[in-house]
Amino acid sequence: MTRLWEQERRLQRQERLATVGQLAAGMAHDFNNILAVITLYSQMLLANPDAPKREQYLASIYTQSEYAARLIAQILDFSRRAVIERTHFDLVHLAAETVELLQRTLPENIMLILETQLREVHVHADRGRIQQAMMNLVVNARDEMPEGGRIWIRLDALEVEEGAPLPRKAGRANLSPGKWARLRVEDTGPGIPPEHLSQIFNPFFTTKPPGQGTGLGLAQVYGIVKQHGGDVQVDSPPGRGAIFTLYLPVTETVPET
Ligand SMILES: Nc1ncnc2c1ncn2[C@@H]1O[C@H](COP(=O)(O)OP(=O)(O)OP(=O)(O)O)[C@@H](O)[C@H]1O
Ligand SMILES: [Mg+2]
């Protein structure tokens, strides 16, 4: 029992280190690009302080510095929140609350719909981080639908039984025996090209122009779900939008506090 637990911990540590390594590599790459622009334009200005394009150079230096500052803020946020604080709560309730919150900030041409047959499903998790994960997914969907569209958050549960074949709902996720909550975020956007599917959770993978996306949103979602002992899956069936599926372990009973 202890051995298993230790193994699990070691594995989690390795995963975290792998993510940190990817983060560091992506970070170095981004900062190099930023520094290249700043170095080039400041050299040009030093060589020719009265260059006709002086203001343009300065503006570029300024935006790149701002971008770098924003990157650092995001990275700090990313590492600071690596520790999770678990409580027992109802995921249906959190999803409903999050939908309400998001509905107020989404543009009018985007419809956000919560779909569930469950009355409640309890998890032992970090409320704030799970909410963050939902928000990142919904914001991504919004970004892909500037002309408007629909976003569904679907919530249901499944049970994986020892020795029995995995239920269909488990998809390609790696789930151990027990009860799981399944949270899906699906949109009517353009979907994700097949060649991007394997990179999408990598820190700093983004298709957005510089300054508009850092590529940390899905890396964060991945980190959050993994820290909770869950799994995450992305699908993009042809002719449909993107579907992100999160699996989180369900707690049988809710202890009284
Ligand atoms: N719902 C979606 N539909 C289509 N593509 C998506 C969707 N969600 C994510 N993507 C793709 O995955 C990329 C990575 O998403 P991620 O949230 O990690 O970063 P980002 O949104 O680009 O930047 P950030 O979240 O840091 O502001 C996006 O740039 C986009 O190409
Ligand atoms: Mg994002």
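In what follows, residues are counted from 1 in the order of the sequence shown. Note: hydrogens, waters and symmetry copies are ignored here, and every other heavy atom, side chains too, is used. All values reported here derive from a predicted model rather than from experimental measurement. All ligand and atom numbering here is 1-based and tracks the order in the structure.
- Contacts between Asp187 and ligand 1 below 4.0 angstrom, taking non-hydrogen atoms only, involve the side chain exclusively.
- Considering backbone and side-chain atoms alike, Lys208 places an N or O below 3.5 Å from some N or O of ligand 1.
- Between the side chain of Thr251 and the backbone N or O of His122 there is at least one donor-acceptor pair closer than 3.5 Å.
- A salt bridge links Arg240 with Glu186; the closest basic N to acidic carboxylate O contact falls under 4.0 Å.
- Atoms CG and CD, on Leu114 and Gln103 in that order, are 9.0 Å from each other to the nearest 0.5 Å.
- In terms of protein heavy-atom proximity, atom 8 (N) of ligand 1 is nearest to Asn140 CB, 3.3 Å.
- Heavy-atom minimum distance, Arg182 versus Tyr247: CD-CE2, 3.8 Å.
- Between His88 and His124, the two ring planes are parallel [angle under 30°; tilted spans 30° to 60°].
- Scanning the protein for heavy atoms near atom 14 (C) of ligand 1, the closest one is Phe205 O, 3.2 Å.
- Aromatic ring centres of His196 and Phe205: separated by under 6.0 Å.
- Judged by the shortest distance from any of its heavy atoms, Gly189 lies outside the 4.0 Å radius around the atoms of ligand 1.
- Among the atoms of Gly215, some N or O lies under 3.5 angstrom from an N or O of ligand 1.
- Ligand 1 lies within reach of Ile200, whose nearest heavy atom is under 4.0 Å from it.
- Of all the listed residues (Thr207, Thr206, Thr188), Thr206 holds the heavy atom that lies closest to atom 22 (O) of ligand 1.
- Between the CG atom of Leu183 and the CE atom of Met134 there is a distance of 5.5 Å, given to the nearest 0.5 Å.
- Close approach to Gly213 involves these atoms of ligand 1, each under 4.0 Å from a residue heavy atom: 23 (O), 27 (O).
- Each of the atoms 4 (C) of ligand 1 lies under 4.0 Å from some heavy atom of Gly191.
- Set against the non-hydrogen atoms of Thr214, the atoms of ligand 1 under 4.0 Å away are 23 (O), 24 (P), 26 (O), 27 (O).
- At least one N/O/S atom of Asn140, whether from backbone or side chain, sits less than 2.8 Å from the Mg ion (ligand 2).
- With a 4.5 Å cut-off on side-chain heavy atoms, Ser176 and Val160 do not count as touching.
- If you take CD on Glu159 and NZ on Lys169, they are separated by 11.0 Å, rounding to the nearest 0.5 Å.
- Protein heavy atom closest to atom 18 (O) of ligand 1, with residue, atom name and distance, is Leu218 N, 2.8 Å.
- Every atom of ligand 1 is numbered from 1 in the order shown, and the set under 4.0 Å from a heavy atom of Ala242 is 1 (N), 2 (C), 3 (N).
- Applying the 4.0 Å criterion to heavy atoms of Ile192 picks out, from ligand 1, the atoms 4 (C), 5 (N), 6 (C).
- For atom 4 (C) of ligand 1, the closest heavy atom belonging to the protein is Glu144 CG, 3.3 Å.
- We find the CG-OG1 distance between Leu112 and Thr105 to be 9.0 Å, quoted to the nearest 0.5 Å.
- You'll find the side chain of Ile130 reaches within 4.5 Å of the side chain of Leu94, heavy atoms only.
- For ligand 1, the atoms sitting less than 4.0 Å from at least one non-hydrogen atom of Ala141 are 1 (N), numbered in the order shown with element in parentheses.
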